[in-house]
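Step one of this worksheet: look at the structure below.
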Amino acid sequence: MTTVDVFGKVHLGYVVVETEKFADWRRFGRDAIGMHLDESVPDVIRFRLDDNACRFLLHRGPAEDTTALGWELDDHATFDTIEARIRGRGVPVTAGSAEDAAVRGVERIARFPGPNGLTQEIYVNPTAGREPLRLAAAGGFVTGADGLGHVAVATKKPHQMRGYYSTVFDARLSDYIDETINGVKFKIRFLRVNERHHTVAIAAVKHLPLNPIRTRIQHCNVQVAELDDLTAAYQRVKALGFEMALSIGQHTNDKELSFYAVSPSGFEWELGWNPIVVDETTWEPTTHQGISIWGHTPEGQAIVEIFERFKTGAQSMLHREDTVPALAGAGVADD
Ligand SMILES: [Fe+2]
C-alpha cells in the first residue's frame with residue numbers, strides 16, 4: 001500500500017450531467033451564469049469557464065442529475081498512485097475510450113465507482129478549447145490550482161463518504177458546520193484536496209439515516225473573479241425566470257459571498273465570489289454554527305420544496321446507498 005500523499009495535486013476538473021433539457025441549460029449556463037457555450041460536438045453541450053475545453057459536459061438522458069466528477073491530476077505519477085490505491089483495494093478501474101477523453105478535452109482517463117452513485121473519473125493534461133473564450137462573466141472564473149469550484153453531496157453515510165475521499169484523494173477536513181433547517185439538525189463536513197477551502201462538502205442529517213436530496217449532488221459551485229459579475233449574474237438569473245433557491249449571502253466558514261439558483265436538472269447552482277483559501281501551515285479545523293453570517297434566505301418555491309424533500313427523505317430510508325466500502329476504509333467517525 002502506497003504512502004505517497006497526493007494532497008494538492010488533485011483538482012476538480014469537470015462535472016458530467018445527464019439531462020433532456022438542452023434548451024433550458026443553454027439559457028441557464030450561457031445567458032444566466034455567463035459561461036462559454038460550446039456545441040461543436042454533436043449531441044452534447046459543453047460549458048467552459050477558462051481555457052480548458054470542458055468544465056461541464058451535458059449528455060442526453062433521463063436522469064436530470066450529475067453522473068460523474070472529473071478530477072484533474074498534476075502528473076502521470078499521481079494518476080498511477082491513485083489508480084494503484086483503488087486496484088489495491090479490489091475496486092475495478094476502467095480506462096476511458098479515446099472518444100471519452102476527446103469530448104472531455106483531456107488525456108488518459110480512467111473511471112471507478114464513487115459513493116452515492118457518483119462515478120469518479122481521473123485524468124491528466126487538459127487541452128485548450130479551440131474557440132476564443134466568450135463569457136458573459138467578463139472578469140472570468142477562478143479555477144487554476146483551485147479547480148473549477150466545489151460540489152456538495154447529501155448522504156446517509158457521512159463517515160464512509162469522508163473515508164472514501166480521504167482514502168482516494170488524501171482529502172483533509174477544513175471544518176464543520178452545524179445547521180438546523182425546519183427543526184432538522186444537519187452536520188456538514190467540508191473537505192479540501194488543495195488550497196480551495198472545500199472541493200467536496202458532505203451534508204448529513206444528524207443521527208438519522210435520511211437523505212432529503214433526490215440528486216447525487218445537492219449543488220455545484222463556480223467562482224467569479226469580480227463582484228460585479230456576481231451581481232450581474234444574479235440579475236440575469238432572475239430576469240430570465242430561473243428559480244432562485246437562496247438569495248445572496250455570506251458563508252460562515254469560507255466567507256464566500258454567493259447565491260444559489262436552481263439548475264434546469266433540479267440540483268442547485270451556487271455562484272460565488274472571494275472565498276478564503278487555506279494556509280496549510282496555520283489552519284485548524286473548527287465547527288461553525290449555521291451556514292451563513294447573513295443572507296442566503298430562501299426565495300420563491302423554496303417552502304414547497306422543503307416539504308417535497310421530506311417526502312424524498314422518507315423514501316430514502318428504504319433505499320440502500322452505495323458507499324464503495326472497499327475505498328471507505330473504516331470511515332471517519334467524527335461525532
Ligand atoms: Fe457551496
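For ligands, and for the atoms within them, numbers begin at 1 and follow the listed sequence. Because the structure is a prediction, the values reported are computed rather than measured.
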Using 30° and 60° as the class boundaries, would you call the ring planes of Trp25 and Phe28 parallel, tilted or perpendicular?
perpendicular
Fit a plane to each ring of Tyr123 and Tyr14, take the angle between them on a 0 to 90° scale, and name the class: parallel (under 30°), tilted (30 to 60°) or perpendicular (over 60°).
parallel
Can you tell me if His150 has an N, O or S atom under 2.8 Å away from the Fe ion (ligand 1)?
yes
Minimum-distance atom from the Fe ion (ligand 1) among N, O or S atoms of Glu270
OE1
What is the name of the N/O/S atom of His219 that is nearest to the Fe ion (ligand 1)?
NE2
If we check side chain to side chain donor-acceptor pair (under 3.5 Å) with Glu270, which of these qualifies: His296, His251, Gln218, Gln223?
His251
I'd like to know if the side chain of Glu18 reaches the main chain of Ala63, judged simply by a donor and an acceptor atom lying under 3.5 Å from each other, with no hydrogens or angles considered.
yes
